[in-house]
Amino acid sequence: MNHLPKPAGEGLRTRVFQIIFESDTLLAKAFDIALIGAILASVLVVMLESVAAFRDGHAALFYWIEWGFTIAFTIELAVRLYCLERPLQYLKSFYGIIDLVAILPTWLALVVPGAQSLVVVRLLRTLRIFRVLRLMEFVGEGRLLLGALKRSSHQIFLFLFTVFMLVTIFASLVYLIEPEEAGFTSIPTSIYWAVVTLTTVGYGDITPVTPLGQAISVMVMLIGYSIIAVPTGVFSAEVIRSIRADRYSDEACPGCGHDRHEQRAKYCLRCGTWLDENTPDPRLPEQEQEAWWRAQDESDESDEDDDENASPPAR
């Protein structure tokens with residue numbers, strides 16, 4: 001099933017669709033660049049607004065700038081829905097949800113009642129930072145990375161489950177060994193220490209004081225160094241496999257059998273054989289090319305006759 005957005009009919013909607021959803025024209029590229037700039041600028045405004053010195057001195061300026069971005073993104077979303085054949089389907093998609101999250105917090109802040117809800121208003125306004133997720137729409141390699149992550153999710157899950165078991169075992173041992181004065185007051189607290197130690201972060205807020213506990217810490221750190229690269233290697237292998245699948249074809253050369261050609265390759269890298277089986281080799285003389293086409297037509301007619309003469313299936 002094709003989930004790609006489609007334009008709603010011909011005329012103005014199709015023209016608007018080509019500008020917003022495609023990038024093969026100068027106007028469409030200009031729209032994408034302008035939208036990226038607006039997204040980055042809006043995120044920068046949210047970051048600056050979180051600084052007390054800027055917020056206290058320029059509260060009104062931030063207020064009007066944010067409303068300007070909100071109105072602009074609201075109009076942009078309305079235009080997107082206007083030019084689509086199925087606007088509700090787009091709203092249910094990943095990018096449609098991100099578009100809503102980008103504008104809803106500011107509009108919802110209008111209906112949050114009373115000063116007692118200022119904390120909620122602040123939370124809603126902070127959600128505007130998720131506008132940065134809209135940049136994924138403009139990164140062509142983002143789908144490749146997401147696909148590789150999805151294909152390697154099973155191996156990564158097994159790795160994380162193994163790490164969880166190791167963390168739980170070492171945390172329980174240290175909890176039994178170390179005194180409460182050292183900070184190991186419970187197994188969850190010990191798990192926090194084990195995760196910090198296994199990832200070689202080492203905050204130092206909780207440290208073993210007994211020789212046996214320190215020996216376990218050394219063991220956990222060494223294990224962390226040895227396994228930290230496992231998910232990276234699995235994910236990298238999937239990314240490389242995806243790149244090769246997008247770039248190379250698995251079809252074998254009819255001349256030598258070599259099956260590692262680029263998708264757009266016309267001739268075999270090893271023997272120089274013409275690879276496209278649906279057209280004749282353009283290097284052949286015109287007579288041979290015409291003979292190839294005649295043979296192809298005769299083959300198609302023969303296949304049609306075989307289909308007509310074939311006996312009906314038994315009932």
Side-chain angles (χ1 to χ4, degrees), residues 43-44 46-56 94 97-98 101-102 104-105 108-109 112 114-133 135-136 142 145-146 148-239:
V43 173
L44 179 61
V46 176
M47 292 181 178
L48 293 177
E49 191 180 10
S50 65
V51 180
F54 292 107
R55 182 176 62 250
D56 296 339
F94 173 78
I97 294 174
I98 294 301
V101 172
L104 281 181
L108 289 177
V112 177
Q116 69 274 13
S117 302
L118 287 178
V119 176
V120 178
V121 173
R122 183 179 179 183
L123 175 61
L124 292 175
R125 293 176 67 84
T126 305
L127 290 177
R128 293 172 299 165
I129 204 72
F130 284 94
R131 287 173 182 165
V132 73
L133 292 178
L135 295 177
M136 292 180 61
L145 295 178
L146 290 177
L149 183 61
K150 183 178 180 180
R151 287 189 296 273
S152 59
S153 59
H154 182 66
Q155 294 89 334
I156 293 178
F157 173 77
L158 292 178
F159 167 79
L160 292 177
F161 183 74
T162 303
V163 170
F164 173 75
M165 290 191 299
L166 291 175
V167 164
T168 304
I169 293 173
F170 285 120
S172 302
L173 290 176
V174 173
Y175 170 73
L176 294 175
I177 296 171
E178 295 296 322
E180 293 188 2
E181 292 77 9
F184 297 91
T185 57
S186 63
I187 292 181
T189 303
S190 301
I191 290 178
Y192 159 76
W193 162 85
V195 171
V196 171
T197 305
L198 187 69
T199 56
T200 68
V201 176
Y203 290 130
D205 52 346
I206 302 177
T207 56
V209 295
T210 63
L212 183 56
Q214 292 173 352
I216 294 177
S217 298
V218 172
M219 187 183 304
V220 173
M221 284 184 282
L222 292 177
I223 293 176
Y225 274 115
S226 61
I227 67 175
I228 199 67
V230 171
T232 304
V234 172
F235 179 68
S236 300
E238 288 295 335
V239 171

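Residues: numbered from 1 along the sequence shown.
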Restricting to side chain to side chain contact (heavy atoms under 4.5 Å, CB included), what partner residues turn up for Ser153, sequence neighbours left out?
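Applying side chain to side chain contact (heavy atoms under 4.5 Å, CB included) to Ser153 gives none.
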
Heavy-atom closest contact (Ile206 atom, Phe184 atom, distance):
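Looking at all heavy atoms of both residues, the closest pair is CG2-CZ, 3.4 Å.
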
What heavy-atom pair brings Arg55 and Glu49 nearest, and what distance separates the two atoms?
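Here Arg55 and Glu49 meet closest at NH1-O, 2.9 Å.
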
Rounded to the nearest 0.5 Å, what separation is found between the CE atom of Met165 and the OG1 atom of Thr168?
9.0 Å

Which residue pairs pass the ring-ring contact (aromatic ring centres under 6.0 Å, His included) test with at least one member in residues 149-180, sequence neighbours excluded?
none

For residues 214-227, which side-chain N or O atoms pair as donor and acceptor with protein atoms under 3.5 Å away, sequence neighbours left out?
| residue | atom | partner | partner atom | Å |
| --- | --- | --- | --- | --- |
| Ser217 | OG | Gly213 | O | 3.0 |
| Ser226 | OG | Leu222 | O | 3.3 |
| Ser226 | OG | Ile223 | O | 2.7 |

Contact list for residues 178-187, test side chain to side chain donor-acceptor pair (under 3.5 Å), sequence neighbours left out:
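Pairs touching residues 178-187 that pass the test: Glu178-Thr210, Ser186-Thr189.
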
Side chain to side chain donor-acceptor pair (under 3.5 Å) partners of Ser190, counting only residues at least two apart
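Checked Ser190 against side chain to side chain donor-acceptor pair (under 3.5 Å); zero matches.
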
Using the side chain to side chain donor-acceptor pair (under 3.5 Å) criterion, which residues pair with Tyr192? Sequence neighbours excluded.
Asp205

